[in-house]
Peer 1: 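Can you keep this structure in mind? I'll have questions shortly.
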Amino acid sequence: HLVPFVARTTKRGCWFSHAFAQLDVPTGGDTLRATLNVAGPLATAGRINEPVLLGLDIGAGYWLIPKRCSDCLALATVAELHYTVPLNNVDSFVSAGTLTSVSVNTPISAASQILNTTVGIHVSLGRSWSVRSGVAIPVLNERVFDIESLLQINRTF
């Protein structure tokens, strides 16, 4: 995949925001192998290519405890919206053998749009450690998941 993006971050007092747009461009497909006869071996039936995806994200946060020094504790709340939409159809493939048929993927529609919201906290623990925790919740009917939680521990050198 090639994933070019543009991003922007701003800060005003204790408020901060960020936004980015990205394209996820697949560089090759996946081989589809299937047994189309009852006792036959797996055979290459074709190649499936993923769609190009457009991702748009926007977020904002507020430093409840601003970082006053490099060794000081800091605490921020963060909220984000993540939107993903395919820009073209996925490959569909149908093939039939003696007693078996294979059908992979169906054309996508506007229902394939995904919109999630994420809320969480960010804790800066001095110079090199930070901890982030949050939850992501789908907003639209196309739900890839019900709810996700995140715990991320970072150390910089």
Side-chain angles (χ1 to χ4, degrees), residues 1-34 45-94 102-157:
H1 290 252
L2 293 176
V3 188
F5 69 93
V6 294
R8 177 169 170 90
T9 301
T10 60
K11 182 180 178 201
R12 182 170 297 165
C14 289
W15 288 96
F16 58 91
S17 64
H18 53 273
F20 70 87
Q22 72 178 29
L23 284 176
D24 184 343
V25 182
T27 57
D30 296 312
T31 302
L32 174 63
R33 297 180 53 131
R47 191 163 205 72
I48 299 291
N49 295 295
E50 300 173 54
V52 174
L53 299 175
L54 171 66
L56 302 172
D57 292 41
I58 187 165
Y62 185 81
W63 287 104
L64 299 169
I65 303 172
K67 192 165 192 161
R68 304 275 185 223
C69 66
S70 62
D71 290 327
C72 296
L73 173 87
L75 174 68
T77 60
V78 181
E80 301 174 346
L81 281 174
H82 307 275
Y83 176 71
T84 304
V85 63
L87 297 181
N88 59 326
N89 284 331
V90 295
D91 286 349
S92 58
F93 185 87
V94 177
V102 173
S103 178
V104 178
N105 292 340
T106 55
I108 57 177
S109 67
S112 296
Q113 299 176 46
I114 298 172
L115 178 65
N116 301 321
T117 185
T118 304
V119 293
I121 60 168
H122 170 90
V123 181
S124 180
L125 301 169
R127 247 173 245 223
S128 57
W129 290 92
S130 64
V131 176
R132 294 182 185 121
S133 181
V135 295
I137 302 164
V139 176
L140 298 177
N141 289 335
E142 183 73 18
R143 292 175 177 248
V144 179
F145 59 91
D146 291 324
I147 191 168
E148 286 183 342
S149 62
L150 162 78
L151 177 63
Q152 184 179 48
I153 301 170
N154 291 324
R155 181 168 188 241
T156 56
F157 296 94

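Throughout, residue positions are numbered sequentially from 1 according to the sequence presented. Below, each value reflects all heavy atoms present in this structure, side chains not excepted, and no hydrogens, waters or symmetry copies. Treat the numbers as computed from the prediction; the structure is a model and nothing was measured.
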Peer 1: Could you grab the distance from atom CD1 of Ile137 to atom OG1 of Thr117, nearest 0.5 Å is fine?
Peer 2: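 Answer rounded to 0.5 Å: 7.0 Å.
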Peer 1: So how far is it from Leu64 CG to Leu75 CG, rounded to the nearest 0.5 Å?
Peer 2: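 Leu64 atom CG to Leu75 atom CG measures 5.0 Å (nearest 0.5 Å).
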Peer 1: Taking all atoms of both residues into account, what is the closest heavy-atom pair of Leu81 and Leu115, and its distance?
Peer 2: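 Residues Leu81 and Leu115, closest heavy atoms: CD2-CD1, 4.3 Å.
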Peer 1: Sort and list the pairs that fulfil salt bridge (Lys or Arg N to Asp or Glu O under 4.0 Å) and have at least one residue in residues 112-133, not counting sequence neighbours.
Peer 2: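 Passing the test, one end in residues 112-133: Asp71-Arg127.
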Peer 1: Rounded to the nearest 0.5 Å, how far apart are CD of Glu50 and CG of Asn88?
Peer 2: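 Taking CD in Glu50 and CG in Asn88, the distance rounds to 10.5 Å.
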Peer 1: Which pairs would a plain distance check flag for residues 16-32, meaning a side-chain donor or acceptor within less than 3.5 Å of a matching protein atom at least two apart in sequence or in another chain?
Peer 2:
{"residue": "Ser17", "atom": "OG", "partner": "Thr10", "partner atom": "OG1", "Å": "2.5"}
{"residue": "His18", "atom": "NE2", "partner": "Glu80", "partner atom": "OE2", "Å": "3.1"}
{"residue": "Asp24", "atom": "OD1", "partner": "His1", "partner atom": "ND1", "Å": "2.5"}
{"residue": "Thr31", "atom": "OG1", "partner": "Arg47", "partner atom": "NH1", "Å": "2.9"}

Peer 1: For Pro66 and Ala74, work out which heavy atoms get closest and say how close.
Peer 2: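 Closest approach of Pro66 to Ala74: C-CB, 4.1 Å.
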Peer 1: Restricting to non-hydrogen atoms, name the atom on Lys67 and the atom on Cys72 that form the minimum distance, rounded to 0.1 Å.
Peer 2: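 Between these two residues, the closest heavy atoms are CE-O, 4.0 Å.
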Peer 1: Could you tell me if the side chain of Leu140 sits less than 4.5 Å from the side chain of Ile114, heavy atoms only?
Peer 2: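 In short, these two side chains do not touch, never coming nearer than 4.5 Å.
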Peer 1: Which atom pair, heavy atoms only, marks the closest approach of Ser133 to Leu151?
Peer 2: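 Between these two residues, the closest heavy atoms are CB-CD1, 4.2 Å.
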Peer 1: List in chain and number order the residues that pass side-chain contact (heavy atoms from CB on, under 4.5 Å) with Trp129, two or more places apart in sequence or in another chain; answer none if no residue qualifies.
Peer 2: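 Here the qualifying residues are Leu125, Ile153, Arg155.
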Peer 1: Given 3.5 Å as the limit, does a donor-acceptor pair link the side chain of Asn116 with the main chain of His82, or not?
Peer 2: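 Not at all, since once roles are kept as given, no pair shorter than 3.5 Å links the two residues.
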Peer 1: Does NZ belonging to Lys11 count more than 12 external heavy atoms closer than 6.0 Å?
Peer 2: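 Result for NZ/Lys11: open.
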Peer 1: Rounded to the nearest 0.5 Å, how far does CG of Leu54 lie from OH of Tyr83?
Peer 2: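 Reported to 0.5 Å precision, the distance equals 7.5 Å.
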